Amino acid sequence: MEAYLGIDVGSVTTKFAMLDKQDELIANLYLPTQGKPIEMVQEGLRQIKDRLPEKVRISGVGTTGSARYLAGVIVGADLVKNEITSHAVATLHYIPQVKTIIEIGGQDSKIIIVRDGLVADFGMNTVCAAGTGSFLDHQALRLNLSIQEFSQQALSSKAPVRIAGRCTVFAESDMIHKQQMGHRVEDIIYGLCRVLVRNYLNNVCLGKDIQPPIVFQGGVAFNKAMVKAFREELNTEIIVPPHHEVMGAIGAALLVREEVSNNSVESRFKGFRVSETKYRTSPFECKACPSTCEITQLWYNGEVLARWGGRCDLWEVNTGERMRR
Amino acid sequence: MSKPIKVTIVYNSKSRNEECDAYCGIDWASAEAIAMVSRRVKERFGDKIQMEYLDLSESNWRTVKLKQAMERENHLLPSLVIDGRSRISGQFDIRHLLDAIEAEIETKAQ
């Protein structure tokens with residue numbers, strides 16, 4: 001049986017999706033990255049191998065996400081794609097009539113406008129963490145709620161409170177202030193969901209032609225209160241696809257299947273043994289500018305496979321160059 | 001050879017980050033920062049990209065018109081505009097910039 005693997009390594013979560021030749025999802029995984037992208041890629045490979053039917057041959061591997069080039073080097077990817085392309089391809093596969101894709105992940109968010117099956121426009125988030133999944137996670141943790149409890153409690157809100165949510169620092173202090181004023185937790189957290197949705201629409205979606213059908217994906221789509229807040233704000237149905245959290249990985253798998261099939265090439269996938277490979281990392285201080293960033297180098301068998309950690313990507317680009325060759 | 005993609009960074013060197021005091025992202029008033037960004041874009045994408053930096057604190061017919069349009073549409077500064085379309089409105093760093101350019105290239109190749 002032939003299969004195609006997509007890996008989406010984000011700063012907060014690492015996602016895996018395995019498709020068969022008919023583009024059916026046969027296995028998927030959603031793991032926390034925990035600041036250890038290499039280890040999580042290795043762990044993911046170990047886990048997904050155990051979920052596969054017998055006699056599966058990996059015919060292609062595609063990577064996406066913020067650590068897509070690094071993941072590509074580790075596994076021997078056949079294709080490395082931007083998240084915009086990967087998410088659009090996956091959504092169009094499941095919901096061909098889609099016109100707007102809302103994607104909110106742990107650290108990044110984006111909007112993709114689709115017309116006639118093609119990406120017509122897109123927008124991305126700013127460097128500010130306001131409105132990201134990590135911020136919601138942090139607030140849930142602060143209130144001692146799981147993200148499921150956070151979502152359920154927010155859905156029970158009867159009188160949402162207005163939260164100052166332009167900035168994460170002010171949002172948190174405003175939430176604490178509203179708690180001290182005696183507002184109910186469910187009203188505060190649904191108020192937070194609403195302000196995050198408004199921020200996203202006023203910032204990431206500025207000037208974008210949002211039309212239904214609207215698909216909401218990424219890890220934040222687990223939060224049903226965010227789905228409700230989008231529905232209320234946009235006054236239309238919001239579709240959350242069944243595998244919304246791994247759509248980027250599915251897109252990477254679909255893209256690599258197409259690439260490999262069109263070019264009839266052998267996959268460069270290094271095999272599941274990669275999960276047992278001992279990589280060595282070593283840091284050094286970059287002196288190219290006054291920022292003096294600490295750069296981490298990834299070594300294997302005396303060769304530098306990748307570098308990362310700079311405020312610019314003076315060193316990171318080597319990984320990208322390697323993959324583009 | 002196809003026409004290069006035009007990447008415009010719109011900023012105001014006299015009022016950095018009006019909306020937030022966090023000073024995240026790149027200081028576009030710094031000539032070194034602009035040189036670094038230009039170099040990184042060139043190294044990564046070669047001649048596919050044409051960079052343009054528009055400082056709205058400079059008063060000329062183009063910046064005046066652009067400033068009015070951005071205020072009308074509630075755009076934040078700095079703004080990243082690629083081939084005339086807004087991609088990021090507000091502070092961004094080199095990773096966001098390179099990501100947006102890469103997405104633009106992939107989108108155009110559809």
Side-chain angles (χ1 to χ4, degrees), chain A residues 11 64-66 68-69 80-89 92 107-108 110-114 116-131 166-170 199 202-208 255 288-291 308 310-314 316-318 320-321 324, chain B residues 17-27 30-46 48 69-70 72-110:
Chain A
S11 47
T64 189
S66 55
R68 56 190 176 278
Y69 289 111
V80 179
K81 280 284 177 184
N82 195 280
E83 292 137 282
I84 300 272
T85 311
S86 302
H87 276 277
V89 164
L92 280 160
Q107 203 63 261
D108 285 334
K110 49 196 81 72
I111 181 164
I112 309 169
I113 305 295
V114 182
D116 303 319
L118 295 172
V119 175
D121 197 1
F122 68 89
M124 294 163 66
N125 64 308
T126 68
V127 77
C128 182
R166 182 142 208 139
C167 160
T168 51
V169 178
F170 291 132
N199 273 357
N202 292 332
N203 188 352
V204 181
C205 306
L206 193 66
K208 306 299 174 199
L255 284 159
C289 81
S291 297
W308 67 92
R311 288 176 73 177
C312 75
D313 71 345
L314 177 65
E316 282 178 54
V317 79
N318 295 341
E321 289 303 329
R324 276 191 290 277
Chain B
N17 218 349
E18 293 161 329
E19 304 290 329
C20 176
D21 291 331
Y23 298 107
C24 303
I26 294 165
D27 177 7
S30 148
E32 289 83 10
I34 288 182
M36 182 272 285
V37 167
S38 297
R39 194 182 67 239
R40 300 305 312 130
V41 171
K42 178 86 176 170
E43 279 173 10
R44 176 116 169 224
F45 301 107
K48 286 183 196 163
M70 294 194 75
R72 198 170 49 241
E73 292 165 19
N74 298 319
H75 281 277
L76 301 178
L77 291 178
S79 264
L80 172 63
V81 179
I82 306 184
D83 273 351
R85 291 193 153 187
S86 169
R87 295 301 181 218
I88 303 175
S89 175
Q91 289 291 344
F92 54 90
D93 59 18
I94 188 80
R95 180 178 73 84
H96 289 89
L97 172 66
L98 297 175
D99 252 5
I101 296 173
E102 190 182 79
E104 190 78 30
I105 292 169
E106 288 185 9
T107 300
K108 283 193 161 52
Q110 290 175 113

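Residue numbering restarts at 1 for every chain, and letters A, B, ... go by the order of the sequence lines. Values in this document were obtained by computation on a predicted structure and should not be read as measured data.
A salt bridge is absent between A:Lys110 and B:Asp99: the closest approach of a Lys/Arg side-chain nitrogen to an acidic carboxylate oxygen does not fall below 4.0 angstrom.
No part of B:Glu32 comes within reach of chain A, as not one of its non-hydrogen atoms sits under 4.5 angstrom from that chain. Both the backbone and the side chain of B:Arg87 have a heavy atom closer than 4.5 Å to some heavy atom of chain A.
The greatest number of non-hydrogen atom pairs below 4.5 Å with chain A, out of B:Glu73, B:Arg85, B:Lys108, is found for B:Arg85. Ranked by non-hydrogen atom pairs under 4.5 Å with chain B, the options A:Asn125, A:Asp121, A:Ile111, A:Thr85 are led by A:Asp121.
Not counting sequence neighbours, the partners of B:Phe92 by the ring pair (Phe, Tyr, Trp, His ring centres under 6.0 Å) test are B:Trp28.
Scanning all heavy atoms of the two residues, the minimum distance from B:Ala103 to A:Phe122 falls at CB-CZ, 3.7 Å. Closest approach of B:Ser89 to A:Leu206, counting heavy atoms only: OG-CD2, 3.7 Å.
With contacts defined as side-chain heavy-atom distances shorter than 4.5 Å, the pair B:His96/A:Thr126 does not qualify.
Expressed to the nearest 0.5 Å, how far CG of A:Leu255 lies from CD of B:Glu106 amounts to 8.0 Å. Atom OG1 of B:Thr107 is separated from atom CD1 of A:Ile113 by 12.0 Å, given to the nearest 0.5 angstrom.
A side-chain donor from one of B:Glu102 and A:Asn82 sits under 3.5 Å from a side-chain acceptor of the other.
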Next item on the list: Check step by step if side-chain contact (heavy atoms from CB on, under 4.5 Å) holds for B:Glu104 and A:Ile84.
Entry: CA-CA 9 Å; B:Glu104 190 78 30; A:Ile84 300 272; over 6 Å; no
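A side-chain donor-acceptor contact under 3.5 Å links B:Gln110 to the backbone of A:Val119.
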